[in-house]
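Step one of this worksheet: look at the structure below.
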Amino acid sequence: MSFRIYNTLTRSVQEFTSLEPGHVRMYTCGPTVYNIAHIGNFRAYVFEDLLRRWLQFKGWRVTQVMNLTDVDDKTIHGSREAGVSLADFTAPFKKAFFEDLRALNIEPAEYYPAATDHIPEMIELISRLMEGGHAYQSEDGSVYFSIDSWPSYGKLARLDRAGMRSGVRIHSDEYDKENVADFALWKAWDEKDGDVAWDSPWGRGRPGWHIECSAMSQKYLGASFDIHTGGVDNIFPHHEDEIAQSEAANGQPLAAFWIHCAHLMVDGQKMSKSRGNFYTLRDVLAKGYTGREVRYELIATHYRAALNFTMASLDAARVSLRRIDEFTERCKAAAGDVAAGDLPVWAQQAAQRFEAAMDDDLNVSAALATLFDTIREGNSALDAKKLTDAEAAALLALFRKWDTALGVLEKPAATVPPEIQALLEQRQAARAAKDWAQSDALRAAMAAQGWLVKDTPKGQVVSPA
RNA sequence: GGCGCGGUAGCCAAGUGGUAAGGCGAGGGUCUGCAAAAUCCUUAUACAUCGGUUCGAUCCCGAUCCGCGCCUCCA
């Protein structure tokens, strides 16, 4: 079965093939490290992780690059306001970003280049654009890309260039530019930039926003690579501008597939910093939810559909995950140390349906439906004692395989503190003596400390409440 | 205004030219010292509106209404 995915460039679902056999090169636009990313941002990173994992599931080796934008208006403004250097200002946000990635079980990319480490590469690229007549320096010293020099400008966003020009000119007071839609490659130093500046052939200044992605993708992935991703809000202008810069400089297509995920919504509106309607992952964890639950919610809706974020859906995610956990634990108990045998026929069919669903533009909802069908079938078979131990082991293996793609099925092991362990042992003794009053008291004591005790045929099970 | 996306049962959410997955919720059974959890079964005459094409449309076409996004920094 082949993997098909929606390409913004062609506005259609296309069969995915890699330029280089067996190897996918993927560039994913990363965070601007001027504050803590919110979970709307993380929807994109979780989506990209799912895409990466599915490519691997299908047998490709993946080289993924995610940039860290650590120099722009916001980072400079923030550092000056805080009275610290740019590097000192962004460092804690970089650290927090990686912590959040781990909490969401996002696989690390191969490269996380920071913009400030690649200024020479950007200058080199801008120089080539200047030489090729695609860029010019304005009176204030800034360098702009000339969209009039690049006829295919607008091909990703499908812009009407004629309409765009006449519409925007009225509102523009940037007379330095030849065309108001021209965008900055290099921004001349300004008082507001403080000590943030680099020398360049065009004087001191700093790079424009888009040039970093062009320079860094080329350095780590080559002039042409397979996949470029981001949120739909990056289609224009960011990705459009990247295409113009890179393709004008290199004369070859930047990326074959442009894949964009839809927004995370809150109360029917896009979650965003500027609207103030956002939650950080930390906010949600502080409410007692886990990174795994957040990942489940973010993953369960198709990546091209807007997803309305609510605590109620996190609760639903929690219950759904518990159902998955109960099933895998039942299978583990049944399988013991038995080697995995063949899957029951219904599970073989489920495996095919799962893969077909994911192959179809990452249809996770359909894949999860298959997974829950499998759980119901499996539970019924276990109830009826119709599942062999070897089949239970095979089902576990199937779930593990599915989880290489989903990254959400495996339950993180909770470490039980010694004092709770001691209470458990006391309670077990009380129960053996049928001292129910004592048993209930101990259960209450553990509940007070945040541990939920369940009595199962195999004994007590504790979990964090 | 330009470009684009969406409106499926109480909520979330797939999907298809021949009367519609799955999850949550709800009801019932089983299990259980109790509890919690789990599990099985059941559940709702759900496809925005109006036309058109068709033997037949929720799925195709057109119009309308509503919601959302991008067009400026934005995942």
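Note that these values count all heavy atoms, side chains included, but never hydrogens, waters or copies made by symmetry. All chains are named by letter (A, B, ...) in the order of the sequence lines, taking the proteins before the strands, and each is independently numbered beginning at 1.
Side-chain contact check for A:Leu221 versus A:Tyr111: every heavy-atom pair is 4.5 Å or farther apart. A:Leu264 is not listed as a side-chain neighbour of A:His38, based on a closest heavy-atom distance of 4.5 Å or more. Put simply, the side chain of A:Phe309 reaches to within 4.5 Å of the side chain of A:Val284, judged on heavy atoms.
Considering only side-chain N and O atoms, A:Asn379 lies nowhere under 4.0 angstrom from the phosphate OP1 or OP2 of B:A38. Contact annotation: A:Arg322 side-chain N/O to B:A37 OP1/OP2 distance is not under 4.0 Å. Remark: A:Arg323 is in phosphate contact with B:C40, judged by side-chain N or O atoms under 4.0 Å from OP1 or OP2. Between A:Arg376 and B:G23 there is a side-chain N or O to OP1 or OP2 distance below 4.0 Å.
Across all strands shown, A:Arg275 has heavy atoms under 4.0 Å from sugar-phosphate atoms exclusively, and none from any base. Contacts of A:Lys273 with the nucleic acid, taken as non-hydrogen atoms under 4.0 Å apart, are absent. Among the atoms of the strands shown, none is found under 4.0 Å from any heavy atom of A:His260. Within the 4.0 angstrom heavy-atom criterion, base atoms lie near A:Gly40. Looking at heavy-atom distances under 4.0 Å, A:Leu382 makes no contact with the nucleic acid at all. Within the nucleic acid shown, A:Phe327 has no heavy atom closer than 4.0 Å to any nucleic acid atom. Nucleic acid contact for A:Met265: sugar-phosphate only, since backbone atoms but no base atoms lie under 4.0 Å from a heavy atom of the residue.
We find that A:Lys192 and A:Asp190 are joined by a salt bridge, their nearest charged nitrogen and carboxylate oxygen being less than 4.0 Å apart. A salt bridge between A:Asp403 and A:Arg400 is absent, with no side-chain N of the basic residue lying under 4.0 Å from a carboxylate O of the acidic one. Ionic pairing of A:Glu297 and A:Arg43 is not present here: no N-O contact between side-chain nitrogen and carboxylate oxygen is shorter than 4.0 angstrom. Taking a cutoff of 4.0 Å between a charged side-chain nitrogen and a carboxylate oxygen, A:Asp360 and A:Arg4 do not qualify as a salt bridge.
Geometrically, A:Arg304 engages A:Tyr6 in a cation-pi contact, judged by NZ or CZ lying under 6.0 Å from the ring centre and within 45° of the ring axis.
A gap of 24 Å separates the P atoms of B:A38 and B:A44, to the nearest Å. Separation of the P atoms belonging to B:C60 and B:G15 is 12 Å when rounded to the nearest angstrom. Going from the C1' atom of B:A63 to that of B:G22 covers 34 Å, rounded to whole Å. B:U64 and B:C3 have their P atoms separated by 14 Å, with the value rounded to a whole Å. B:A21 and B:U45 have their P atoms separated by 16 Å, given to the nearest Å. On the C1' atoms, B:U16 is 10 Å away from B:A57, given to the nearest whole Å. Nucleotides B:A35 and B:G23, compared at atom C1', are 26 Å apart to the nearest Å. Separating the P atom of B:G4 from that of B:C47 is a span of 29 Å, rounded to the nearest Å.
The distance between the ring centers of A:Phe183 and A:His210 falls below 6.0 angstrom. Not less than 6.0 angstrom separates the ring centroid of A:Phe47 from the ring centroid of A:Phe42. Checked against a 6.0 Å centroid threshold, the rings of A:Tyr153 and A:Trp150 do not count as neighbours.
Where A:Ala157 and A:Asn308 meet RNA chain B, the nucleotide closest to each residue was compared, and A:Ala157 sits on the side nearer the 5' end. Taking for each of A:Arg330 and A:Ala312 the nucleotide of RNA chain B with the nearest heavy atom, the 5'-most of the two is the partner of A:Ala312.
For A:Ala366, the listed nucleotide lying nearest its side chain is B:A14; candidates were B:A14, B:C24, B:G69. Closest approach to the A:Gln269 side chain among B:C40, B:G69, B:G23 is made by B:G69 (side chain taken as heavy atoms from C-beta onward). The side chain of A:Asp233 lies closest to B:C70, out of B:C70, B:G69, B:A21. Of the candidate nucleotides B:G22, B:C40, B:G4, B:G4 has the atom nearest to the side chain of A:Arg11. Residue A:Asp383 places its side chain closer to B:C40 than to any other of B:C68, B:C70, B:C40. Here B:A13 is the nucleotide among B:C70, B:C40, B:A13 with the atom lying nearest to any side-chain atom of A:Thr301. Which of B:U39, B:G69, B:G22 sits closest to the side chain of A:Ala369 comes down to B:G22.
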Polar atom pairs (N or O), protein with nucleotides 32-36 of chain B, under 3.5 Å:
unit_1 : atom_1 : unit_2   : atom_2 : d
B:G33  : O6     : A:Arg431 : NH1    : 2.6
B:G33  : O6     : A:Ser439 : OG     : 3.3
B:G33  : N1     : A:Asp440 : OD1    : 3.0
B:G33  : N2     : A:Asp440 : OD2    : 2.9
B:C34  : O2     : A:Arg443 : NH2    : 2.9
B:C34  : N3     : A:Arg443 : NH1    : 3.1
B:C34  : N4     : A:Asp455 : OD2    : 3.0
B:A35  : N6     : A:Asp455 : O      : 3.4
B:A35  : N1     : A:Asp455 : N      : 3.3
B:A35  : N3     : A:Arg443 : NH1    : 2.8

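Between the P atom of B:A21 and the CD atom of A:Gln349 lies a distance of 17 Å, rounded to the nearest Å. One can place CZ of A:Phe372 at 15 Å from P of B:C41, the figure rounded to the nearest angstrom. Rounding to whole angstrom units, CZ of residue A:Phe183 and C1' of B:C73 are separated by 16 Å. In this structure, A:Leu406 places its CG atom 14 Å from C1' of B:G23, rounding to the nearest Å. Rounded to whole Å, atom P of B:A21 lies 20 Å from atom CH2 of A:Trp346. Straight-line distance from the CD1 atom of A:Ile235 to the P atom of B:C5: 10 Å, rounded to whole Å. Protein atom CD of A:Glu326 is 18 Å distant from nucleotide atom P of B:C31, rounded to whole Å. For A:Leu387 and B:U39, the CG to C1' distance is 15 Å, given to the nearest whole Å.
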Worked check of side chain to side chain contact (heavy atoms under 4.5 Å, CB included) between A:Ser146 and A:Tyr144: CA-CA 6 Å; A:Ser146 166; A:Tyr144 294 97; over 6 Å; no

Watson-Crick and G-U pairing of RNA chain B, under 3.5 Å, as dot-bracket with | and [ ]: (((((((..(((.....[...)))((((((.......))))))....(((((..]....))))))))))))....

Less than 3.5 Å apart, which donor and acceptor atoms pair up between the side chains of residues 407-414 of chain A and the rest of the protein, not counting sequence neighbours?
none

